[in-house]
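Read through the structure below, which is laid out as structure tokens, and then see the notes.
In each ligand, atom 1 is the first atom listed, and ligand 1 is the first ligand listed. Throughout, numbering of the chain's residues begins at 1 and tracks the sequence.
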Amino acid sequence: MHVTHLSLADFRSYARVEVPLDPGVTAFVGPNGQGKTNLVEAVGYLATLGSHRVSSDAPLVRMGADRAVIRAAVRQGERQQLIELELNPGKANRARINRSSQVKPRDVLGIVRTVLFAPEDLALVKGDPGERRRFLDELITARSPRMAGVRSDYDRVLKQRNTLLKSAALARRHGGRSMDLSTLDVWDQHLARAGAELLAQRLDLIATLQPLADKAYEQLAPGGGPVALDYKPSAPEIVGHAREELYEQLLAALAEARKQEIERGVTLVGPHRDELLLKLGQLPAKGYASHGESWSFALALRLASYDLLRAEGSEPVLVLDDVFAELDARRRERLAELVAPGEQVLVTAAVDDDVPGVLTGVRYSVAEGAVERV
Ligand SMILES: Nc1ncnc2c1ncn2[C@@H]1O[C@H](COP(=O)(O)OP(=O)(O)OP(=O)(O)O)[C@@H](O)[C@H]1O
Ligand SMILES: [Mg+2]
């Protein structure tokens, strides 16, 4: 699939901007702080309903405005669709597909598919476990958009369960009557139900991604691997793969942890506490890999995601935000060669020289809020 037109209103630095797009490579070039990343961030938002730079919508709305609109025309084969998202921080966002407003923002998922490479990706390797969980969960949702619902169910149940545990912990600490915890059993079942579904999807994803990541790492840094993706559940009880099995194991793990959970006032087991361990050779990448190796690992994860998504459905849009400037000449050329054949490739760079030669295509200059084809 590819985007044929992007239109923004009060998004980030743009009051209004219209950007016609072609398949193939498009590069946005201009000095720092002129709004290049803002453009591709909007494309990424259509695919994930989130930004790769911030965790809330508020910074995405132009300062002084009260809502932002991202509108895109999307082509997949012969099919053309128009999607619109209205971002209302603090209130519900709204969506329209082909001008119909009988849809929820979540219904937009799956129309635009992206794989986005950005300087922030280094955190996939060097950052907290939450970064890697988000990586997995976004990819799960791209593979299967209905997982957005499972993720939000899980988050909601977790929040409610934590509230209950917190008041139980408080009641206990203040020596009051201990709370009636029978409702906790019900929450355990809800948590295990959504949790098992999420876990089964994560495990399946990792098994599929592993050989692709290893291949991509070898292409970027020959002889430097192998790389391994190792899932570490938060409880020893969790060893299964099938959803029903995982459900029973999660329930058992919750029962085992209950006493400690009531003491601490939080949920201690479940996918929200699991870790994806990335290994380079025999060592964990985090804490051991060099800066360059960490970069290659992060890029390999994105390239593997690209291979996986295009093998399973429509070809995703590749977005490369400012990544070439960070790479040495060899990896820059290899990455460029690997992405060049993509159906649509959007590149941002501060100067022309940062865009590798094989990525010749349409150029836009981005300066002072104006996006102009050159
Ligand atoms: N909500 C907002 N309202 C108004 N301006 C904003 C908002 N969010 C970001 N900006 C402005 O947008 C600019 C950053 O845009 P962007 O990140 O797209 O730059 P860039 O062209 O990618 O730069 P670089 O080359 O440094 O990556 C900053 O000047 C910032 O002040
Ligand atoms: Mg930028």
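Looking only at distances, no side-chain donor or acceptor of Thr114 sits under 3.5 Å from a matching main-chain atom of Leu116.
Remark: distances from the non-hydrogen atoms of Gly30 to ligand 1 are all 4.0 Å or more. Within the structure, ligand 1 lacks Thr348 among the residues with a heavy atom less than 4.0 angstrom away. Distances from ligand 1 to the non-hydrogen atoms of Asp322 include at least one value under 4.0 Å. In this structure, Arg53 has a heavy atom closer than 4.0 Å to ligand 1.
Remark: Arg62 fails to qualify as a cation-pi partner of Tyr14 under the 6.0 Å distance and 45° angle criteria applied to the six-membered ring. For the pair Arg310 and Tyr306, the cation sits on the ring face: its NZ or CZ lies under 6.0 Å from the ring centre, inside 45° of the axis.
In this structure, atom 30 (C) of ligand 1 is not in close contact with the protein, since no protein heavy atom lies within 4.0 Å of it. Checking atom 5 (N) of ligand 1 against the protein gives a heavy-atom contact under 4.0 Å.
Residue Val61 approaches ligand 1 through these ligand atoms, each under 4.0 Å from one of its heavy atoms: 1 (N), 2 (C). Less than 4.0 angstrom separates some heavy atom of Pro59 from each of these atoms of ligand 1: 1 (N), 2 (C), 8 (N).
Residue-level proximity to ligand 1 for Ala350 is absent, since no heavy atom of it falls below 4.0 angstrom.
Transitive grouping of hydrophobic side chains (ILVMFWY, heavy atoms separated by less than 4.5 Å) brings Val19 and Met1 into a common cluster.
Looking only at atom types and distance, the side chain of Glu372 has no donor-acceptor partner in the side chain of Ser365 under 3.5 Å away.
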